[in-house]
Amino acid sequence: MAKAQQINPEKARWLEVLGIAMPLCLSYIPIGVACGILLHAAGFNFIMTLIVSIVVFSGGAQFILASLLTIHAPLTSIFVTLFFLELRYALLGSSLSKYIKSESQHFIWLFAVSMNDENYAVNYLKFATDKKWKPKDALLVEHYSLISWSVSNMVGGLIGSTISINLEVVDFALTALFIYMIVMQMRSHLTLIICLLSAVLAVFFMVITHSIIGVVIATLIASFIGFLIENAVRKHSKKPDDNWFLSKLFRPRATRITVEDQKAEEEQVLEKKKEQSKEQSTNSQAPKSSQHE
């Protein structure tokens with residue numbers, strides 16, 4: 001029997017990374033096309049749609065942008081809303097900074113402008129679980145996802161005048177995507193509490209403000225409360241990692257065992273071995289001292 005042909009016989013790294021990023025790129029196609037159709041309905045031609053998708057590169061921001069333009073919202077409110085909505089990337093980027101801090105400033109700038117929520121999730125998981133994952137691999141994931149999203153947006157802008165879809169389905173898909181990302185980042189009881197608190201506050205402030213700015217206010221308040229709780233626990237608790245707030249939630253092993261977790265487990269094993277060796281040495285010396293007496 002003839003051997004099956006390998007897709008990547010030379011094991012080219014860019015093809016391996018493409019295989020890792022392919023599920024993300026494919027998931028962008030229906031949402032990206034729908035976003036392009038919505039941008040076309042807001043008055044963008046396919047060239048402007050392509051430019052916006054490259055510059056903004058955020059599904060949530062682009063959907064909100066198209067919605068606000070459709071209702072003729074003032075430019076100031078659009079800029080303020082998008083600024084606070086995209087402010088989360090400062091926190092996302094800071095969590096990846098330790099993995100790319102040895103790279104050049106040009107690389108870091110290029111990495112920052114092509115990062116979004118989904119490729120951040122892929123790269124963070126790979127950095128945390130794969131010791132062979134390099135910053136250049138992460139940048140390739142970002143570029144693959146950017147190309148897939150931009151092309152899908154442009155195609156949606158081209159066919160926007162001929163095809164109409166129910167955009168409520170797209171809103172549900174985006175909501176499900178963000179819920180998945182939240183679940184993947186829940187690692188302690190404190191994160192679970194803050195997520196529930198932010199959801200309640202978001203509903204409360206949106207009812208009061210009648211605007212998306214309520215979500216921003218709720219996020220800032222919930223994040224500040226989470227910071228105060230974690231800071232208080234680490235200051236006043238003798239063993240903060242064993243405290244209920246900071247203790248880990250039950251998670252599948254594939255998502256619990258990261259590189260950091262492995263290092264921590266190895267350090268704990270070494271400490272236990274050292275303690276056992278000390279106990280054995282003290283026990284062995286005790287009878288000798290008694291016999292000498």
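Quick note: numbers below take in every heavy atom, side chains included, and nothing from hydrogens, waters or symmetry partners.
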For a quick check under 3.5 Å, do Asn119 and Tyr144 share a side-chain donor-acceptor pair by atom type?
no
Check whether any side-chain heavy atom of Phe111 sits under 4.5 Å from a side-chain heavy atom of Lys136, and report yes or no.
no
Heavy-atom nearest pair, Ile29 first then Ser152, reads CA-OG, 3.4 Å
Which atom pair, heavy atoms only, marks the closest approach of Met115 to Tyr89?
CE-O, 3.8 Å
Quick check: are there more than 12 heavy atoms from other residues, nucleotides or ligands sitting under 6.0 Å from CZ of Phe227?
no
Considering all heavy atoms of both residues, which atom of Ala42 and which atom of Leu69 are nearest to each other, and what is their separation?
CB-CB, 4.3 Å
Heavy-atom pair of closest approach, residues Ile100 and Pro135
CG2-CB, 3.9 Å
Give a yes-or-no answer on whether the side chains of Tyr120 and Glu142 include a donor-acceptor pair shorter than 3.5 Å.
no
Counting neighbours of CZ on Phe46 that are heavy atoms of other residues, nucleotides or ligands and sit closer than 6.0 Å, is the number greater than 12?
no
Could you walk me through whether Ser58 and Asn116 satisfy the side-chain hydrogen bond (donor to acceptor under 3.5 Å, both in side chains) test, starting with their C-alpha distance in whole Å, then the side-chain angles of each, then the deciding distance to 0.1 Å, before giving a yes or no?
CA-CA 6 Å; Ser58 174; Asn116 72 345; over 6 Å; no
Whether Arg13 and Asp137 form a salt bridge (side-chain N of Lys/Arg under 4.0 Å from carboxylate O of Asp/Glu) is what I want to check.
yes
Determine the minimum heavy-atom distance between Leu146 and Ile54, stating which atoms define it.
CD1-CA, 4.1 Å
Taking all atoms of both residues into account, what is the closest heavy-atom pair of Leu139 and Ser114, and its distance?
CD1-OG, 4.0 Å
What class does the angle between the rings of Phe127 and Tyr99 fall in, given that below 30° is parallel, 30 to 60° is tilted and above 60° is perpendicular?
parallel
Pair Glu103 + Lys101: basic N to acidic O under 4.0 Å:
no
